[in-house]
Amino acid sequence: MPGFLTPMGASLAGHPPSGPEWVFEVKWDGVRGLVYIEDKQLTIYSRTNNRCDRQYPELQVLPHFIAARNAILDGEIVALDAHGVSKFELIQPRIHQQDANSIAKMAQKSPVHFYVFDLVYLDGYDLRRVELSERKRALKAILKPHPLLRFSDDFAAGAELLEAARQAGLEGLIAKCKSSFYESRRSRQWLKIKLTHQQEFVIAGYLPGERDYFGSLALGYYEGGSLIYAGNVGTGFNERTLRELWHVLEPRRISKMPFAKADKIPKGTVWVKPELVAQIKFQNWTEDRKLRAPVFLGLRDDKPAIEVEREESPGVVPSQLLPAGKNEIPATIGGHPIKFTNLDKIYYPEDGFTKRDLLNYYAGVADLLLPYLKDRPLSLKRYPNGIHEPFFFQKNTPETYPAWLRTEVLPSDGRPIRYVFAQDRASLLYLVNLGCIDHNPWMSRIGSLECPDYILIDLDPQQCEFDKIVEAALLVKEKLDAIGLTGYPKTTGGDGMHIFVPIEPRYTYAQARSFAEVISRLLASERPDLFTTPRAVEKREKNRVYFDYLQLAESKTISSAYSARAYDGAPVSTPLTWEEVRPGLHPSQFDIANCPERFARAGDLFEGVLRKPQKLEKAFPKLEKLVRG
DNA sequence: ACAGCCT
DNA sequence: AGGCTGTCAGGCACT
DNA sequence: AGTGCC
């Protein structure tokens with residue numbers, strides 16, 4: 001029986017997929033649970049492998065209603081409201097409850113249910129490489145009736161189930177590919193389609209009501225410096241939160257309305273200084289840009305009010321530059337005419353993403369990506385027929401390309417090369433339309449082409465798990481910390497990770513490279529079990545991390561941050577916080593479908609790469625000292 | 001996407 | 001005229 | 001000089 005197991009995850013999708021290979025389930029709003037049964041003994045692990053069966057003693061009966069000696073079941077632990085709808089708010093107080101008395105009382109008064117949807121292991125058989133439809137069949141066969149144990153039914157009609165879920169006030173759907181294997185990662189074989197959304201809003205006032213304290217809160221968000229009214233939230237409070245909110249609202253009373261316009265705001269609203277931020281769950285936005293069915297979840301003190309804006313979640317509120325329908329769309333971007341062609345061509349056959357999807361991705365992230373391409377010569381890597389068909393490199397720009405593209409002629413070993421640049425949105429989208437899936441800029445900019453503006457630390461796995469890359473990256477961070485430098489980590493979108501150490505463009509490529517080389521040799525000598533350095537692939541030891549410092553040279557390139565990659569799953573090279581660099585991180589968690597939402601939330605985590613160049617004069621002696629021991 | 005060569 | 005084909009990088013460590 | 005790798 002496999003030991004620790006990471007549960008399979010679903011990727012976000014905007015609408016249910018169609019086709020006979022998909023089945024649909026209700027998305028239960030509770031906590032994920034992997035139920036292990038060994039000789040009638042039950043243990044439950046959470047998504048992050050924390051044991052949590054102590055929280056739910058009422059589930060101890062489950063082994064008696066599952067006809068198996070040894071099994072691992074996957075499902076969701078839920079608390080149901082009066083209508084039988086699972087509500088996260090109802091189970092939340094139980095998740096971290098430590099007090100045995102409270103646990104027992106809640107187990108008695110409002111028992112949780114286990115909605116089981118998958119069977120990973122059964123009596124000697126590892127079912128992870130068995131297709132989903134077979135696993136479900138086996139699961140159904142071993143379940144015996146019990147009120148707390150429920151099979152999560154599957155349905156064939158996605159659109160209909162989604163509508164029914166909407167009517168019932170459910171959170172959303174999960175779509176699963178019938179033939180999918182059970183993988184311990186987020187996959188596009190499983191998709192989640194959400195009906196409810198969450199974001200922060202500024203509290204700008206309250207409306208007195210029948211009950212004590214207040215009836216509802218007036219919510220807003222900033223747009224271009226103005227506070228825009230988003231509707232009122234009147235539910236989600238209890239006696240305590242009403243009272244506590246009242247005490248923080250009262251001292252903030254003001255007489256002047258903080259909203260820019262008075263449109264459709266209820267009369268009698270009492271204004272408060274727009275300083276408090278509330279987390280709100282809601283079903284969707286109405287046509288006139290108000291919240292439908294908002295629910296108050298809590299106050300947030302980690303976000304300044306002025307930063308609260310309306311979040312457009314891609315796929316859910318599709319803001320599509322190139323809508324579906326026509327295979328070819330003439331457009332004007334930034335005053336330049338571009339004919340977008342072959343939009344329905346499949347670029348990612350395993351995932352169904354088309355050239356249109358890729359263009360829409362880049363249109364959405366252009367503002368984030370462009371600073372990392374600006375003023376840098378590009379090596380075009382063109383995939384005219386998608387990721388599984390041949391690609392070719394192109395450095396020289398044909399004379400026939402539009403004159404508004406910036407180009408520069410640079411000397412080269414052979415004849416001079418006229419490099420192209422992506423200086424703006426139009427240039428970027430023009431290049432994507434040529435079949436450039438990833439974008440590969442130089443590490444130096446016009447004006448100082450011989451001096452890189454960051455040291456690239458490139459960690460590549462030699463047939464090892466991503467957790468080793470994570471371990472290696474954290475060791476790199478340790479060394480950087482020790483010599484007083486800041487590094488910025490990102491996934492490559494492939495198997496490895498990049499760490500960028502921004503520097504002033506005063507050091508030659510050779511100097512920057514030797515800096516990376518010294519770090520690599522230092523780490524390799526300290527952890528020969530983790531790193532391998534030989535250039536020749538066949539000499540690199542397996543199950544190691546290859547620290548590649550050779551890619552740091554003039555005219556060499558790597559895929560930029562925010563670049564999509566030409567691999568199955570349509571992954572994106574994604575900047576990370578160091579807190580995210582920990583076991584369980586996997587590059588497949590970030591793809592062209594879910595990244596725009598992440599970027600809207602996380603902002604530009606690579607900002608410091610351009611904004612905070614560092615000097616090496618002090619760091620180099622420190623590094624030499626470390627090497628000498 | 002385009003040029004140049006082929007039929 | 002129309003269709004097919006070739007082209008669209010390059011440096012460097014290592015052998 | 002040839003080749004594999006990025």
Side-chain angles (χ1 to χ4, degrees), chain A residues 327-328 330 337-343 345 347 355 359 376-387 389-403 405 407-421 427 429-444 449-450 452 455-463 469 491-499 508-510 512-514 516-517 520-521 524 532-542 544-560 563 565-567 573:
Chain A
N327 191 37
E328 197 171 301
I338 303 179
K339 189 168 76 175
F340 294 106
T341 54
N342 297 308
L343 295 173
K345 191 179 275 186
Y347 265 22
K355 189 179 176 189
L359 279 159
R376 298 170 193 274
L378 293 175
S379 284
L380 304 188
K381 192 176 181 186
R382 297 178 53 189
Y383 302 78
N385 295 299
I387 66 167
E389 297 300 320
F391 65 83
F392 61 92
F393 289 100
Q394 183 179 348
K395 289 188 178 176
N396 206 15
T397 310
E399 294 297 333
T400 50
Y401 283 19
L405 285 173
T407 59
E408 293 287 339
V409 178
L410 301 180
S412 145
D413 226 24
R415 65 169 42 106
I417 294 174
R418 194 163 78 101
Y419 279 94
V420 69
F421 294 72
S427 308
L429 295 175
Y430 180 86
L431 297 176
V432 176
N433 188 56
L434 289 179
C436 296
I437 293 178
D438 44 38
H439 300 280
N440 300 281
W442 281 27
M443 286 167 260
S444 52
L449 282 173
E450 63 291 345
I455 295 171
L456 166 70
I457 289 169
D458 183 5
L459 302 173
D460 286 329
Q462 293 302 301
Q463 300 176 14
I469 295 290
T491 66
T492 64
D495 300 321
M497 272 185 68
H498 289 152
I499 298 163
T508 63
Y509 272 102
R513 179 171 119 170
S514 72
E517 180 178 357
S520 93
R521 297 205 184 281
T532 180
T533 48
R535 170 71 170 166
V537 168
E538 72 270 18
K539 286 208 172 176
R540 289 179 204 158
E541 295 138 294
K542 305 304 172 208
R544 296 279 210 287
V545 177
Y546 172 57
F547 190 132
D548 183 5
Y549 55 82
L550 295 166
Q551 197 58 19
L552 186 46
E554 183 163 344
S555 95
K556 286 195 190 266
T557 64
I558 51 150
S559 284
S560 78
S563 188
R565 303 303 310 275
Y567 303 120
S573 180

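All chains are named by letter (A, B, ...) in the order of the sequence lines, taking the proteins before the strands, and each is independently numbered beginning at 1.
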In whole Å, I'd like the distance from the [atom1] atom of [X] to the [atom2] atom of [N].
X: Asn396(A); N: dC8(C); atom1: CG; atom2: P; result: 10 Å
X: Gln394(A); N: dC2(B); atom1: CD; atom2: P; result: 12 Å
X: Glu554(A); N: dA9(C); atom1: CD; atom2: P; result: 17 Å
X: Lys381(A); N: dG10(C); atom1: NZ; atom2: P; result: 16 Å
X: Arg513(A); N: dC6(D); atom1: CZ; atom2: C1'; result: 13 Å
X: Phe393(A); N: dT7(C); atom1: CZ; atom2: P; result: 17 Å

Answer yes or no: does a side-chain N or O of Lys556(A) lie under 4.0 Å from OP1 or OP2 of dA9(C)?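 Negative; the distance criterion is not met.
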
Now, which nucleotide makes the Watson-Crick or G-U wobble pair with dA9(C), with each of the two distances under 3.5 Å?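 Partner of dA9(C): none found under 3.5 Å.
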
Backbone N/O of Ser559(A) and side chain of Lys381(A): donor-acceptor pair under 3.5 Å: no

Verify whether the ring centers belonging to Tyr383(A) and Phe392(A) lie closer than 6.0 Å.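 Centroid separation for Tyr383(A) and Phe392(A): 6.0 Å or greater.
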
Minimum-distance nucleotide (side-chain atoms of Lys395(A) versus dA13(C), dA3(B), dA9(C)): dA9(C)

Among dA1(B), dC5(D), dC14(C), which nucleotide sits nearest the side chain of Arg540(A)?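 Ranking dA1(B), dC5(D), dC14(C) by closest atom to the Arg540(A) side chain puts dC5(D) first.
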
Can you name the closest pair of heavy atoms from Thr492(A) and Ser573(A) and give their distance?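 Nearest pair, atom of Thr492(A) first, then Ser573(A): O-CB, 3.5 Å.
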
Compare every heavy atom of Thr532(A) with every heavy atom of Arg540(A), then report the nearest pair and how far apart it is.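 Nearest pair, atom of Arg540(A) first, then Thr532(A): CA-OG1, 3.6 Å.
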
Would you classify Leu380(A) as touching base, sugar-phosphate or nothing, given that sugar-phosphate means primed atoms plus P, OP1 and OP2, and contacts are heavy atoms under 4.0 Å? nothing

In whole Å, what separates the P atom of dA3(B) from that of dC8(C)?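 Between the two P atoms, the distance is 15 Å.
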
Taking the same atom, C1', in dA9(C) and in dC5(D), what whole-Å distance lies between them?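 It works out to 14 Å between them.
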
